[in-house]
Amino acid sequence: MLYIIRHGKTDWNNLHKIQGRTDVPLNEEGKAMAEEAAEEYKDVHFDICYCSPLIRAMETAEILLKDRDVPIITDDRLMEMCFGVYEGVEECFKIPDCPLVPFFKEPQNYTVPVEGAESIDDLFERTGEFLEDKVYPELEKGKDILIVGHGAMNSSIVSRIRGYERKDFWSAGIENCKLMKLI
């Protein structure tokens, strides 16, 4: 089986700031969410956990798996999508002509990333490579895998596995600390 979960909340989530690869830790609410998830999913078996190296994902994985003998392996390909110069920007939807709005509202129209940002194609390439290199071989061995990551990165994995078109990139609704079974 393959499962995926998004990190708990951070102060930046609450402020509606673009996080991307900025390394923001969980806040108290996010830690509590991870604790609740640990209890809610305590009977779901995992053999291995692959995790983004960003602190909010690592903290979530550590809390979620604290009483289990499950290795947590970080992989840079699981980092959140890079949003370049817009990382740290608050309420981007209120900025006239913000070039990130299409990514969140009409991802099929997000063709040219903002300065220093990653494209959707780049995101799909690295998550696809991760699935081929790490996940599919482990699934073939019968392993139960957990991926702990982020909103956009998780959405790319869900989209790849479920064969979503670009316009449906966000359709899975990646909530904080809610486990999703993919395979």
Side-chain angles (χ1 to χ4, degrees), residues 1-81 83 103-104 107 123-124 126-128 130-131 133-164 168-183:
M1 298 291 163
L2 174 61
Y3 301 89
I4 197 163
I5 197 167
R6 182 180 176 200
H7 62 80
K9 286 193 177 179
T10 70
D11 287 340
W12 280 28
N13 287 129
N14 292 338
L15 294 169
H16 305 284
K17 283 188 175 188
I18 301 292
Q19 291 181 104
R21 294 200 176 160
T22 304
D23 212 3
V24 181
L26 295 178
N27 60 20
E28 291 307 311
E29 179 185 10
K31 291 175 185 175
M33 292 173 86
E35 292 282 352
E36 289 168 16
E39 179 62 26
E40 183 175 352
Y41 307 121
K42 68 182 178 189
D43 295 327
V44 179
H45 180 263
F46 307 115
D47 291 299
I48 190 166
C49 172
Y50 291 107
C51 185
S52 162
L54 296 177
I55 192 166
R56 59 193 182 270
M58 283 297 301
E59 288 177 324
T60 300
E62 289 166 358
I63 293 168
L64 186 66
L65 301 170
K66 70 179 172 207
D67 295 325
R68 300 188 192 203
D69 186 23
V70 177
I72 300 171
I73 300 169
T74 60
D75 193 300
D76 287 350
R77 293 171 292 186
L78 298 178
M79 278 193 207
E80 179 57 301
M81 186 172 182
F83 294 106
F103 174 68
F104 293 107
L123 176 64
F124 269 78
R126 70 176 162 91
T127 57
F130 171 78
L131 289 169
D133 289 352
K134 300 291 183 182
V135 173
Y136 295 141
E138 293 294 335
L139 289 174
E140 287 175 14
K141 296 176 190 174
K143 302 290 185 182
D144 293 323
I145 302 167
L146 172 64
I147 296 172
V148 181
H150 310 274
M153 189 284 299
N154 284 8
S155 289
S156 73
I157 288 179
V158 172
S159 292
R160 291 185 67 87
I161 288 174
R162 294 187 175 165
Y164 290 164
D168 298 319
F169 182 81
W170 295 107
S171 65
I174 309 294
E175 296 180 57
N176 296 92
C177 284
K178 293 296 178 193
L179 191 67
M180 181 183 297
K181 182 178 172 183
L182 293 177
I183 298 175

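Being a predicted model, the structure only gives us computed values, none of them experimental.
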Please say which of I174, V135, T127, L123 ends up in a side-chain contact (heavy atoms from CB on, under 4.5 Å) with I157.
T127
Check side-chain hydrogen bond (donor to acceptor under 3.5 Å, both in side chains) between E35 and all other residues, then give those that pass, not counting sequence neighbours.
K66
With the side chain counted from C-beta on, respond yes when C51 and L78 share a heavy-atom pair under 4.5 Å apart, and no when they do not.
no
Going through the distances and angles, do Y136 and L2 end up as a side chain to side chain contact (heavy atoms under 4.5 Å, CB included)?
CA-CA 9 Å; Y136 295 141; L2 174 61; 5.7 Å; no
Tell me if a side-chain donor or acceptor on N154 pairs with a main-chain N or O of G151 at a distance below 3.5 Å.
no
Taking D23 for its side chain and L54 for its backbone only, find out whether a donor-acceptor pair lies under 3.5 Å.
no
For the residue pair H7 and H150, establish whether any side-chain heavy-atom pair is separated by less than 4.5 Å.
yes
Are I145 and Y50 close enough, and set up right, to give a side chain to side chain contact (heavy atoms under 4.5 Å, CB included), and what steps lead you there?
CA-CA 8 Å; I145 302 167; Y50 291 107; 3.7 Å; yes
Where is the tightest heavy-atom contact between A152 and M81, given as atom of each residue plus distance?
CB-CB, 4.0 Å
Is it true that a side-chain atom of N27 and a backbone atom of G30 form a donor plus acceptor pair closer than 3.5 Å?
yes
How far apart are the C-alpha atoms of K17 and D11, what are their side-chain angles, what is the distance that settles it, and do they pass the side chain to side chain contact (heavy atoms under 4.5 Å, CB included) test?
CA-CA 9 Å; K17 283 188 175 188; D11 287 340; over 6 Å; no
State, with a plain yes or no, whether a side-chain heavy atom of M58 is found less than 4.5 Å away from one of S52.
no
So do I161 and I183 actually touch side chain to side chain, heavy atoms under 4.5 Å?
yes
Which heavy-atom pair separates E80 from R126 by the least distance, and what is that distance?
O-NH2, 3.3 Å
Tell me whether the rings of F169 and F124 are parallel (<30°), tilted (30 to 60°) or perpendicular (>60°).
tilted
Centroid-to-centroid, F103 to F83, below 6.0 Å?
yes
Minimum-distance pair of heavy atoms, taken over all atoms of R68 and Y41
NH2-O, 2.6 Å
Which pair of heavy atoms, one from S156 and one from M153, lies closest together, and at what distance?
OG-O, 2.7 Å
Donor-acceptor pair, S171 side chain versus D168 backbone, under 3.5 Å?
yes
Could you go through L146 and L65, starting from their C-alpha distance and side-chain angles, then the distance that decides it, and tell me whether this counts as side chain to side chain contact (heavy atoms under 4.5 Å, CB included)?
CA-CA 10 Å; L146 172 64; L65 301 170; 4.2 Å; yes
Considering all heavy atoms of both residues, which atom of K134 and which atom of E138 are nearest to each other, and what is their separation?
O-CG, 3.2 Å
At what distance, to the nearest 0.5 angstrom, does SG of C49 lie from CD of E62?
9.5 Å
If we ignore hydrogens and angles and just use 3.5 Å, is the side chain of T60 paired with the main-chain N or O of G8 as donor and acceptor?
yes
If the condition is side-chain hydrogen bond (donor to acceptor under 3.5 Å, both in side chains), which residues does R77 pass it with, not counting sequence neighbours?
D75, E129, D133
Looking only at heavy atoms, the pair that brings L139 and M1 closest together is CD2-O, 3.5 Å
Close side-chain approach of C177 and E36, heavy atoms under 4.5 Å
no
Nearest 0.5 angstrom please: K31 NZ to T10 OG1, how far?
12.0 Å
To the nearest 0.5 Å, what is the distance between CD1 on I147 and CD1 on I73?
12.0 Å
Can you measure from CE (M33) to CG (L26) and round to the nearest 0.5 angstrom?
9.5 Å
Decide yes or no for D47 and V70: does some side-chain heavy atom of the first lie under 4.5 Å from some side-chain heavy atom of the second?
no
Counting distance only, does the side-chain N/O of Y164 pair as donor-acceptor with the main-chain N or O of V158 below 3.5 Å?
no
Does R6 reach the side chain of E175, with side-chain heavy atoms less than 4.5 Å apart?
no
Under 3.5 Å: donor-acceptor pair, side chain of D144, backbone of F46
no
The side-chain contact (heavy atoms from CB on, under 4.5 Å) partners of E40 (sequence neighbours excluded) come to K178
